[in-house]
Amino acid sequence: FVVSPSAGGQGGVIVGSATVAPDVVGYGGPLGIVVMVRRDGTLSRVMLVESNETPAYAGDLASWLESTFEGRSVIDPFFLREPGGGREDGDGGVDAITGATISSRAGVETVNRTAAAGASLLGIASREAPPPDLAAAWLDPTAIYLVVAFVLAVTLHLWVFPRGNPWPRRAFLAANLVVGGFVLNAQLSMDHVARILSSSWPSLWSPVAFALVTGAANLAIAFGPVYCAYICPFGAAQEILSLAGLCTRPRATVERRGRYVRYVVLAIFLAGWALTGSSALVAADPLLLFFSGKAPAAVLAIAVAALAVSILHFRFWCRTFCPVGAILSIGGRIGAALRIAPRKRYEACDLGATCDRDIECLHCNRCLTGSTIARGRQGPIASRIPAWGVDAFFQIAAAAIGIALVVTVATASPGEPGASAAAAAGDGEAGEVATGKPRDVDMDRLRSLIGQGKLSDEEALYWEAVDGRKP
């Protein structure tokens, strides 16, 4: 769009990133950004209109774009300032969003290209931004941690953990809980599954998502749910809590029914996604936000409740509700057929796994170490509770968390941050929120804005035809 000076100020052009930066991807794919470049070479507005980034950070990304770039010159390209970097603060350096370096890097590159296109249309000379560096992207601390964690997990799984000493595995779990969870928030969740269902497998330019998804999937196929067993921070937290020695075990019939709940949860998610494609379906997954410090109260309550129940029921969330674990366990059937993983003593399993093809095997290795936590309902709590009491507590806890999940999904908002190009031009009223789907255009409002001189009546400079027809 061309903005006439009569709209107030000096006017300029509005450019969208879809046609000039389609290959720049963040954590969840390309960013839809609209910028307005004034005739003096400064950015008037920078707005996020479409994003597949993690919902907890999408709002931060929208406000970060506005506060970071608006009012700055487009003559010098922007760059993500690194700690201890040699560039001066005033020559285009910007600070990343805390915990969202990948999204921030994509935002900088997208703004650079889009702003440069606007400057070119106005005849303003701007320096070209240096090409992105894939090797530098993989120097991200979280990506490095994940690569190291996966390599160590395979090494320990094959040659250390099967020897029978439980402490190396417990130490590895604790390290992943602290570093992968609380420090880096490197947690696989249904958000990643939703992106894959949207035909968006993480690219090499998103090293954290690529390492997390590709590593967990490949290990599941080769060895079973190794990610769940050793690397998942939320799983590690549950297992560490079980070391209190208070675990109980419901009777086999009750436990067997509970084993299939997570597959029902997964089926409901897949069916809901196929029918609606709504991002609200991932809103209740505590794995998405628990370690980020951004979890809504309802999701935090679900996570805390699951952790509390895991003190009495070994890995309660993993074994009863986790749809990510269900996917990796299904993939583990391939690993069982390949017989790469160390053989287990399934006659010693106190969690219901019966053979090397049983997808319920968590690879906790307690059958190898003899540290069966709940066999025969031993322990200070189990010895005082009748069998029906253990069964009732398990079923009540499962029902309560299941209801909480349904309520959280039902009340979640799937909207993405965004606003219309008219707002970018200075109209002052935000348009409809962009969600990446077609929506009706208010032609009367557009004609009114054109009549007021706030929008040009010239053909858009960048547009794409729909079904072969001009817009």
Side-chain angles (χ1 to χ4, degrees), residues 138 142-166 168-173 175-177 179-180 186-193 195-197 200-204 206-236 239 259 262-263 266 270 287 315 318-319 322-346 348-349 351-369:
W138 276 88
T142 306
I144 294 173
Y145 155 75
L146 286 170
V147 172
V148 172
F150 281 120
V151 171
L152 281 176
V154 173
T155 303
L156 296 173
H157 178 68
L158 293 177
W159 293 291
V160 178
F161 296 154
R163 295 184 178 182
N165 185 348
R169 182 171 177 277
R170 292 172 182 173
F172 192 56
L173 285 171
N176 285 317
L177 171 60
V179 179
Q187 175 73 66
L188 187 66
S189 71
M190 287 306 291
D191 184 53
H192 297 94
V193 177
R195 299 185 195 287
I196 294 171
L197 292 176
S200 180
W201 190 275
S203 74
L204 287 171
S206 299
V208 174
F210 181 87
L212 193 55
V213 173
T214 305
N218 286 334
L219 287 188
I221 292 173
F223 304 109
V226 171
Y227 171 82
C228 303
Y230 311 135
I231 300 175
C232 174
F234 198 73
E239 187 161 340
R259 290 171 60 178
R262 62 177 181 165
Y263 298 100
L266 175 61
L270 295 176
L287 304 186
R315 285 201 176 218
C318 301
R319 300 173 59 219
C322 184
V324 175
I327 294 173
L328 297 179
S329 292
I330 293 171
R333 288 295 297 269
I334 301 175
L338 295 175
R339 300 184 183 277
I340 300 175
R343 294 191 61 81
K344 308 289 185 181
R345 294 174 52 242
Y346 290 97
C349 181
L351 300 177
T354 58
C355 65
D356 58 359
R357 295 180 184 273
D358 194 325
I359 61 177
E360 293 307 306
C361 178
L362 287 174
H363 291 285
C364 62
N365 285 338
R366 291 183 300 108
C367 64
L368 301 178
T369 63

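For the side-chain contact (heavy atoms from CB on, under 4.5 Å) test, residues two or more places apart in sequence or in another chain that qualify with Ile327 are Val193, Leu266. For Ala153, the side-chain contact (heavy atoms from CB on, under 4.5 Å) test picks out Phe172, Val226, Tyr230, Ile231, with sequence neighbours left out. With sequence neighbours excluded, the residues forming a side-chain contact (heavy atoms from CB on, under 4.5 Å) with Pro207 are Ile102, Ala137, Trp138, Ala143, listed by chain and number. Among residues two or more places apart in sequence or in another chain, the side chain to side chain donor-acceptor pair (under 3.5 Å) test is passed with Thr214 by Trp201.
Distance CZ/Phe210 to NE2/His192: 13.0 Å, rounded to 0.5 Å.
A side-chain donor-acceptor contact under 3.5 Å links Arg315 to the backbone of Ala229.
In this structure, Leu287 and Phe234 have side chains that are in contact, with non-hydrogen atoms separated by less than 4.5 Å. For the pair Leu146 and Val208, the minimum side-chain heavy-atom distance is below 4.5 Å. A 4.5 Å side-chain heavy-atom check between Leu212 and Thr142 finds every atom pair outside the cut-off.
For the pair Ser329 and Arg262, the tightest heavy-atom approach, listed with the atom from each and the gap, is OG-NH2, 3.1 Å. Nearest approach of Ala216 to Leu328, heavy atoms of both residues: O-CD2, 3.8 Å. Between Ala186 and Tyr145 the shortest heavy-atom distance is CB-CE2, 4.0 Å.
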